Amino acid sequence: MSGTSHPGPLVEIMTALRERVMGVHDLVLSTGDGLLVAADAATVHPESIAALSAATLSLGQRLAHEAEGGTLRDVTTRCAGRHVLIQAVGDRALLTVLGDEGLDLALLHLHMPATVDQLVRILDKDTPSAP
């Protein structure tokens, strides 16, 4: 992934998820090492969320490995008035979804696989082929 030069389609996919799932407010797509790729965010600093989400997902993957829990699906954090869900997108990216206390987690989990598949397809097109 080369730092997507045209994030428009990525933002469109994230916006569609926000519009389909009640309670979703902000979405941030980043590389596995925490660099911002695209964002549909109005209430958070996307670059900070990207960096923190990469670190959080990495810790979650390590914990899943140590606990012999298999492949990590996602990391979800519930706060007093917020939900934060971090989902791997392929091997090198991640999607962070921020929602309010009324976030419909069941509906989010229902729509997440298709959203991730769409994002992966676009990101794969942007990845230069190995020589």
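Because only heavy atoms are used, hydrogens play no part in the values below, and waters and symmetry mates are left out as well, while side chains stay in. This one's a predicted model, so the numbers in the text were calculated from it and none came from an experiment.
A chain of hydrophobic side-chain contacts below 4.5 Å, direct or via other Ile, Leu, Val, Met, Phe, Trp or Tyr residues, connects Val84 to Leu72. Transitive grouping of hydrophobic side chains (ILVMFWY, heavy atoms separated by less than 4.5 Å) brings Leu27 and Val120 into a common cluster. Both Met112 and Leu110 are members of a single hydrophobic cluster when ILVMFWY side chains are connected at heavy-atom separations under 4.5 Å. Cluster annotation: Leu107 and Val116 are assigned to the same hydrophobic cluster (Ile/Leu/Val/Met/Phe/Trp/Tyr, side-chain heavy-atom contacts under 4.5 Å, transitive).
For the residue pair Leu17 and His111, the shortest heavy atom distance occurs at CD1-CB, 3.7 Å. Annotation for Ile13 and Thr115: closest pair CG2-CG2, 3.8 Å, computed over non-hydrogen atoms. Contact between Ala41 and Asp26 at its shortest, heavy atoms only, is CA-OD1, 3.1 Å. Between Pro113 and His109, the closest heavy-atom pair is CD-O, 3.2 Å. Considering all non-hydrogen atoms of both residues, Asp33 and Ala54 come closest at C-CB, 4.0 Å. Taking each heavy atom of Ala93 and Leu29 in turn, the nearest pair found is CB-CD1, 4.5 Å.
The NE2 atom of His25 lies 6.5 Å from the CZ atom of Arg82; values are rounded to the nearest 0.5 Å. Within the model, atoms CG of Leu94 and OG of Ser53 stand 6.0 Å from one another, a figure rounded to the nearest 0.5 Å. Glu19 contributes atom CD, which lies 10.5 Å from atom CD of Glu12 (distance to the nearest 0.5 angstrom). Rounding to the nearest 0.5 angstrom, the gap separating the CG atom in Asp117 from the CD1 atom in Ile122 is 11.5 Å. In this structure, CG in Leu10 is found 10.5 Å from CD in Gln118, a value given to the nearest 0.5 Å. A distance of 9.0 Å separates OG1 of Thr56 from CD1 of Ile49, quoted to the nearest 0.5 Å.
Gln87 places no side-chain N or O within 3.5 Å of a backbone atom of Thr96 that could act as its donor or acceptor partner.
Using a 4.5 Å cut-off on side-chain heavy atoms (C-beta onward), Leu98 and Val24 make no contact. Here the side chains of Leu35 and Glu47 are not in contact, with every heavy-atom distance at 4.5 Å or above.
The only option from Ile86, Leu85, Leu57, Val97 that meets the side-chain contact (heavy atoms from CB on, under 4.5 Å) definition with Asp74 turns out to be Leu85.
His83 and Asp100 share no side-chain donor-acceptor pair at under 3.5 Å.
For Arg62, the salt bridge (charged side-chain N to carboxylate O under 4.0 Å, His left out) partners at least two apart in sequence or on another chain are Glu66.
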